[in-house]
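These notes are about the structure you will find just below.
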Amino acid sequence: MHPAVGDRRTLTARAGVLGLQGDFAEHLATLERLGVEAVDVRRPDQLDEIDALIIPGGESTTIGKLAQQYGIVEKLRDRAAEGMPVWGTCAGAIFIAKDVPGHPHPLASLMDITVERNAFGRQVDSFEADLDVPVLGADPFHAVFIRAPVITRVGPGVEVLARTGGSVVAARQGRLLATSFHPELTHDERFHRFFLSLGKS
Ligand code: GLN
């Protein structure tokens, strides 16, 4: 058991997961385990019904293309500007970054970070690592990386939350959160709890 980060009463009551592509089902399951009402978001109007949104891992080009096509990007920018917490995991982190060199088409551009895709290279397609994440407490966080991006630049308002081998792999800017790895694939819910407490801070 890991110590809780924020108890039930301090978590967002209803959170969405962008369900266009990728491993959204695992995020929905984690939210449900935490007793949060979980919404599978596929239309822009659903963004008005939720208090926080997770963008899952998957393929950032596909997620970006579909989100644009379904009119979600513009609405998401409005909701984020209103203060709705948004968390991108892996491809989701690419989707919310302001700067992604060489990305074939525009993304949501919410968070003041530069993200390099597939930055750990082909030889290490996927790996796992125990991260020191002070905002989650003293226990290390076991992180799963799959064709993971790296955060290569953080803007002045961005706080680095975790590194591995010197590379930044988790960061926060106000109510925006980006992680290169997949907390929905393990059973340590501290990152989900941390995210769900951002709207209450
Ligand atoms: N490499 C993928 C991309 O660029 C992200 C991988 C993932 O989400 N696991 O979209």
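This is a predicted model, so every value here is computed, not measured.
- Looking at every heavy atom in both residues, R77 comes nearest to L107 through NH2-O, 2.9 Å.
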Checklist entry - Could you walk me through whether D188 and H142 pass the side chain to side chain contact (heavy atoms under 4.5 Å, CB included) check? => result CA-CA 8 Å; D188 184 344; H142 189 71; over 6 Å; no
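- How far CG of L177 is from CE of M111: 7.0 Å, rounded to the nearest 0.5 Å.
- Shortest non-hydrogen contact noted between L20 and I63 is CD1-O, 4.2 Å.
- A distance-only check finds a donor-acceptor pair linking the side chain of Q21 to the backbone of E59 [under 3.5 Å].
- F127 and I146 fall into different hydrophobic clusters, defined by Ile, Leu, Val, Met, Phe, Trp and Tyr side-chain heavy atoms under 4.5 Å apart, directly or through other members.
- Rounded to the nearest 0.5 Å, atoms CG (L34) and CZ (F195) are 12.0 Å apart.
- The hydrophobic clustering, which links ILVMFWY residues whose side-chain heavy atoms are closer than 4.5 Å, places I113 and F145 apart.
- We find the CG-OG1 distance between L131 and T179 to be 10.0 Å, quoted to the nearest 0.5 Å.
- Linking Ile, Leu, Val, Met, Phe, Trp and Tyr residues whenever their side-chain heavy atoms come within less than 4.5 Å leaves F95 and L198 in two separate clusters.
- Smallest separation of non-hydrogen atoms from L28 and A38: CD2-CB, 3.7 Å.
- Residues L196 and L31 meet the side-chain proximity criterion, which asks for heavy atoms closer than 4.5 Å.
- Put simply, the side chain of M84 reaches to within 4.5 Å of the side chain of I50, judged on heavy atoms.
- Distance alone, capped at 3.5 Å, is enough to place a donor-acceptor pair between the R190 side chain and the D139 backbone.
- How far CG of L161 is from CG of D132: 11.0 Å, rounded to the nearest 0.5 Å.
- Placement of V168 and I96 within a single hydrophobic cluster is found when ILVMFWY residues are connected by side-chain heavy-atom separations under 4.5 Å, directly or transitively.
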Item to check | Full working for side chain to side chain contact (heavy atoms under 4.5 Å, CB included) between V133 and F194 | outcome: CA-CA 11 Å; V133 191; F194 176 69; over 6 Å; no
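- Between the side chain of R14 and the backbone N or O of E49 there is at least one donor-acceptor pair closer than 3.5 Å.
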Next on the checklist: Walk me through whether R79 and D48 qualify under side chain to side chain contact (heavy atoms under 4.5 Å, CB included).
Outcome noted: CA-CA 8 Å; R79 292 289 286 125; D48 284 322; 3.7 Å; yes
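- A salt bridge is absent between D45 and K75: the closest approach of a Lys/Arg side-chain nitrogen to an acidic carboxylate oxygen does not fall below 4.0 angstrom.
- Residues A178 and A93 approach most closely at CB-CB, 4.0 Å, considering heavy atoms.
- A distance-only check finds a donor-acceptor pair linking the side chain of S180 to the backbone of P149 [under 3.5 Å].
- The shortest side-chain heavy-atom distance between F120 and T164 falls under the 4.5 Å cut-off.
- W87 and V41 sit in two unconnected hydrophobic clusters of ILVMFWY residues. Membership requires side-chain heavy atoms under 4.5 Å apart, directly or through other members.
- Atom CZ in R147 sits 4.5 Å away from atom CG in N118 (nearest 0.5 Å).
- R175 places no side-chain N or O within donor-acceptor distance of the main-chain N or O of V86, the cut-off being under 3.5 Å.
- Residues passing the side-chain hydrogen bond (donor to acceptor under 3.5 Å, both in side chains) test with E159: none are found, sequence neighbours excluded.
- Side-chain contact between R117 and S60 is present, with at least one heavy-atom pair separated by less than 4.5 Å.
- Within the 4.5 Å cutoff, side-chain heavy atoms of T89 are placed close to those of H27.
- Nearest approach of T12 to A52, heavy atoms of both residues: CG2-CB, 4.2 Å.
- Rounding to the nearest 0.5 Å gives a distance of 9.5 Å between CG of D51 and CD of E37.
- In this structure, A148 and C90 approach most closely via the heavy-atom pair CA-SG, 4.2 Å.
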Next on the checklist: Quick one, D112 with R153, criterion salt bridge (Lys or Arg N to Asp or Glu O under 4.0 Å). Give me CA distance, side-chain angles, the key distance, then yes/no.
Outcome noted: CA-CA 8 Å; D112 191 13; R153 180 196 63 89; 3.0 Å; yes
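- Side-chain contact between V144 and F181: absent, with no pair of heavy atoms (C-beta onward) separated by less than 4.5 Å.
- For the pair L110 and L76, the minimum side-chain heavy-atom distance is below 4.5 Å.
- A side-chain donor-acceptor contact under 3.5 Å links Q46 to the backbone of D40.
- Here the side chains of P101 and T114 are in contact, with some heavy-atom distance below 4.5 Å.
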